[in-house]
Amino acid sequence: MRMTPQRQLVLDALIELEHATPEQVCHHVQRTTPSVNITTIYRTLELLESLSLVRHTHLGHGAPTYSVHEHQHVHLVCHRCGHIDEIPRSMVEGLAGTVRAAHGFVLDASHLALSGICRTCTKESA
């Protein structure tokens with residue numbers, strides 16, 4: 001597979017943004033190359049993922065979030081402010097063991113996002 005300019009732009013955007021939806025990638029790319037459209041972004045992300053250059057995670061409702069980094073963490077997503085934090089996957093090993101023992105299901109924590117209320121929002125509501 002050859003690295004086209006559009007593919008490089010998408011990859012560079014993800015490196016810079018770290019975690020981004022296709023729309024965020026498109027906005028970022030269009031700052032320098034307005035002719036790149038959202039369809040190109042989606043197709044490029046799909047291709048890059050099939051080549052194991054990027055990964056996606058669902059952080060809640062809506063479009064997935066893409067990253068160039070191997071997900072060695074679990075995402076914590078705040079319902080109120082939208083803040084996303086990360087914790088090591090090792091913190092959910094107990095849960096993974098319980099799920100496997102009870103259901104024979106092997107949890108892939110690289111795609112795991114836990115929803116709730118962040119520390120800041122919890123303090124504000126107290």
Side-chain angles (χ1 to χ4, degrees):
M1 237 343 97
R2 119 184 136 80
M3 183 59 82
T4 65
Q6 291 87 353
R7 291 174 186 160
Q8 189 64 55
L9 285 168
V10 170
L11 201 52
D12 290 345
L14 281 175
I15 290 168
E16 202 169 313
L17 297 169
E18 295 188 14
H19 291 98
T21 64
E23 290 78 13
Q24 291 168 326
V25 171
C26 188
H27 184 281
H28 189 82
V29 167
Q30 286 178 340
R31 292 186 333 197
T32 58
T33 313
S35 62
V36 175
N37 63 38
I38 191 69
T39 304
T40 300
I41 300 298
Y42 272 102
R43 280 186 298 193
T44 302
L45 288 170
E46 199 172 285
L47 173 68
L48 293 174
E49 186 165 31
S50 75
L51 297 171
S52 298
L53 294 174
V54 303
R55 292 183 59 105
H56 79 275
T57 302
H58 294 276
L59 298 179
H61 303 292
T65 300
Y66 288 83
S67 174
V68 295
H69 304 292
E70 183 72 25
H71 290 262
Q72 297 299 325
H73 52 263
V74 173
H75 297 94
L76 305 176
V77 183
C78 181
H79 285 301
R80 287 198 184 145
C81 70
H83 177 74
I84 300 169
D85 206 353
E86 300 169 353
I87 60 171
R89 290 192 326 193
S90 60
M91 292 186 79
V92 296
E93 286 176 358
L95 171 63
T98 300
V99 170
R100 186 173 190 161
H103 300 280
F105 185 84
V106 178
L107 181 65
D108 176 6
S110 67
H111 284 276
L112 185 61
L114 301 174
S115 299
I117 307 298
C118 72
R119 177 180 296 149
T120 302
C121 289
T122 301
K123 287 179 183 176
E124 289 174 2
S125 65

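Since the structure is predicted, the reported quantities are computational estimates derived from the model, not experimental observations.
- Applying the side chain to side chain contact (heavy atoms under 4.5 Å, CB included) test to Leu95 and every residue at least two apart in sequence or in another chain returns Val99.
- When all heavy atoms of Arg2 and Arg7 are compared, the closest pair comes out as O-NH1, 2.6 Å.
- Hydrophobic clustering of Ile, Leu, Val, Met, Phe, Trp and Tyr side chains at less than 4.5 Å, counting indirect connections, unites Tyr66 with Met3.
- Applying the side chain to side chain donor-acceptor pair (under 3.5 Å) test to Arg80 and every residue at least two apart in sequence or in another chain returns Ser125.
- With Cys26 as reference, Ile38 is the one residue of Ile38, Thr40, Leu45 to meet the side chain to side chain contact (heavy atoms under 4.5 Å, CB included) rule.
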Sequence neighbours left out, cut at 3.5 Å: what donor-acceptor pairs do the side chains of residues 46-53 make with other protein atoms?
{"unit_1": "Glu49", "atom_1": "OE1", "unit_2": "His56", "atom_2": "ND1", "d": "3.2"}
{"unit_1": "Glu49", "atom_1": "OE2", "unit_2": "His56", "atom_2": "N", "d": "3.3"}
{"unit_1": "Glu49", "atom_1": "OE2", "unit_2": "His56", "atom_2": "ND1", "d": "2.6"}
{"unit_1": "Ser50", "atom_1": "OG", "unit_2": "Leu47", "atom_2": "O", "d": "2.7"}

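- Checked against side chain to side chain contact (heavy atoms under 4.5 Å, CB included), Ala113 has the following partners two or more places apart in sequence or in another chain: Leu59, His75, Val77.
- Here the closest heavy-atom approach between residue Cys118 and residue Cys78 is recorded as N-SG, 3.3 Å.
- The heavy-atom pair separating Val36 from Ile41 by the smallest distance is CG1-CD1, 3.7 Å.
- Judged as a side chain to side chain donor-acceptor pair (under 3.5 Å), and not counting sequence neighbours, Asp85 has no contacts.
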**Prompt:** How far apart are the C-alpha atoms of Ser67 and His19, what are their side-chain angles, what is the distance that settles it, and do they pass the side chain to side chain contact (heavy atoms under 4.5 Å, CB included) test?
**Reply:** CA-CA 5 Å; Ser67 174; His19 291 98; 4.0 Å; yes
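- With sequence neighbours excluded, the residues satisfying side chain to side chain contact (heavy atoms under 4.5 Å, CB included) with Thr122 are Ile117.
- Every residue two or more places apart in sequence or in another chain was checked for a side chain to side chain donor-acceptor pair (under 3.5 Å) with Glu18, and none qualifies.
- For His28, the NE2 atom sits in a packed shell: over 12 heavy atoms of surrounding residues, nucleotides or ligands are nearer than 6.0 Å.
- Pro22 approaches Pro64 most closely through the heavy-atom pair CD-O, 3.4 Å.
- The side chain to side chain contact (heavy atoms under 4.5 Å, CB included) test applied to Ala20 returns Leu14, Leu17, Gln24, Val25, not counting sequence neighbours.
- For Gln30, the side chain to side chain donor-acceptor pair (under 3.5 Å) test picks out no residue, with sequence neighbours left out.
- Contact check for Val54 versus Leu11: side-chain heavy atoms found under the 4.5 Å cut-off.
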